[in-house]
Number of protein chains: 2
Amino acid sequence: MNTAERLIAAAADLLDAGGDAAVTLRAVGSAVGVSHNAPYKHFASRDELLAAVANADFHALADEWRKVRASDREPEQRLLDALDVAVRFSRDHPARYRLLFNRPDIAGLGESLARTADEALGEFGAIVADGQATGLLPATDGNELAILLFATAHGLIDAEASGRILPKTGWPEIGTGLQILIRLLAGGARS
Amino acid sequence: MNTAERLIAAAADLLDAGGDAAVTLRAVGSAVGVSHNAPYKHFASRDELLAAVANADFHALADEWRKVRASDREPEQRLLDALDVAVRFSRDHPARYRLLFNRPDIAGLGESLARTADEALGEFGAIVADGQATGLLPATDGNELAILLFATAHGLIDAEASGRILPKTGWPEIGTGLQILIRLLAGGARS
DNA sequence: ACCTGAACACCGTTCAAGT
DNA sequence: ACCTGAACACCGTTCAAGT
């Protein structure tokens, strides 16, 4: 690993350990064994370093979704697995999840970040499209349903993170809410 | 307005004008005409001041939802109006919207903030329940559907704010996505 | 090419003191 | 009860200098 990669890894570890506020350039440099302004030789600013962390995490999510899509499980299970990838990431790495989906000021940085994010969400969309092709989910134009499903999952994840909504649902898991939604979409008003 | 209320209003204005980073205690104090540490006589910390802004905004949202619920429009329009309240607030006051729904570290502060948030979301839930009572929306246990609808709206709002997803949908508005979802829920797999 | 050390202009927070 | 001014320990960023 070169210095830039080690800085990215150190920033990711600090995000996990102490959240956004813990990622000071002094702490990142110290973890890697360089001075507090060495990062400026590899990244234009602290935000660009964070964007590089997000870029690496989008690549990792895309890989996981590719695996889910290629698995031999039932279509509904593949869809729930795909959503679970996002849910688990948000629980294991909450600060890094927020970096991916809750930071408009960072979303536009790095030039390649927007493309990497599109690739990752494209993999998720392909799994939803598979679910539509098998008749599990209703057909819609383009990737509308994928966007609605991901938006709902993201909304439930945020609600869980902020402790705002979930406690009063009686749902043991975000996945319960997503199962209910999928059943409502598949079954319509009859259910 | 007493000093505490003027500090809250000044913080809200700074959030609108320059985002979270613009809300320094020095800027807030200066806007009100007091010193940069006078806020500590009214709030325990900068975060508690921000929580007070969030508390006021939740009260305002609850008022708007009450008005929507009492209006004489069609049930579907009332539901779309209710969702539009959140969408418009997120566009007119993005930093303040993020304070309400994207800041787990602030959600737990102030003691009354969690209650105010519950009251506001309860008003939204009542509008959804009205939609279920009229047969527009499928019946579910408790307020499950309200949570799913709000989570989806929040997810689409976040997606628009981060510029991540909406550009490639061809949707002119977040409301378009919400209309599609409501129609899918009402009509089921047939659509 | 890559890094360091000192410096600058900020920031939240604390504290002693004033009315 | 409410406020001020100085001070403290931080922070991101810049810059001149070193190899």
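Chain letters run A, B, ... following the sequence lines, proteins first, then strands; residues in each count from 1.
For Phe89(A) and Phe101(A), the distance between ring centers is not under 6.0 angstrom. Aromatic ring centroids of Tyr97(A) and His93(A) lie 6.0 Å or more apart.
Relative to the side chain of Arg26(B), the nucleotides dA7(C), dC3(C), dG12(C) differ in distance, and dG12(C) lies closest.
Salt-bridge annotation for Asp81(B) and Arg69(B): absent, with no side-chain N of the basic residue lying under 4.0 Å from a carboxylate O of the acidic one. Between Arg66(A) and Asp63(A), at least one side-chain N (NZ, or NE/NH1/NH2) sits under 4.0 Å from a carboxylate O, which counts as a salt bridge.
A donor-acceptor contact under 3.5 angstrom links the side-chain atoms of Asn37(B) to the base of dT14(C).
Both Lys41(A) and Val23(A) lie near DNA chain D, and the one whose nearest nucleotide falls closer to the 5' end is Val23(A).
When the side-chain nitrogen and oxygen atoms of His42(A) are compared with OP1 and OP2 of dC3(C), one or more of them lie within a distance under 4.0 Å. Residue Thr24(A) places at least one side-chain N or O closer than 4.0 Å to OP1 or OP2 of dC11(D). Contact between the side-chain N/O atoms of Thr3(A) and the OP1/OP2 oxygens of dC2(C) is not found at any separation under 4.0 Å.
One interatomic measurement links the two molecules: CG of Leu14(B) to P of dG12(C), which rounds to 11 Å at whole-angstrom precision. Straight-line distance from the CZ atom of Arg46(B) to the P atom of dT14(C): 15 Å, rounded to whole Å. We find that CG of Leu49(B) is positioned 14 Å from C1' of dT13(C), with the value rounded to whole Å. A straight line from CD of Glu48(A) to C1' of dT13(D) spans 14 Å, rounded to a whole angstrom. Look at CG on Leu25(A): it is 16 Å from P on dC10(D), rounded to the nearest Å. Atoms OH (Tyr40(A)) and P (dA16(D)) sit 16 Å apart, rounded to a whole Å. Look at NE2 on His36(A): it is 11 Å from P on dT13(D), rounded to the nearest Å. Regarding Asp20(A), its CG atom lies at a distance of 10 Å from the P atom of dG12(D), rounded to whole Å.
Here dC3(C) sits opposite no nucleotide as a Watson-Crick or G-U wobble pair (both hydrogen-bonding atom distances under 3.5 Å). The partner of dA9(D) cannot be assigned: no Watson-Crick or G-U wobble pair with both contacts below 3.5 Å exists in any strand.
Atoms CG and CD1, on Leu181(A) and Ile147(B) in that order, are 12.5 Å from each other to the nearest 0.5 Å.
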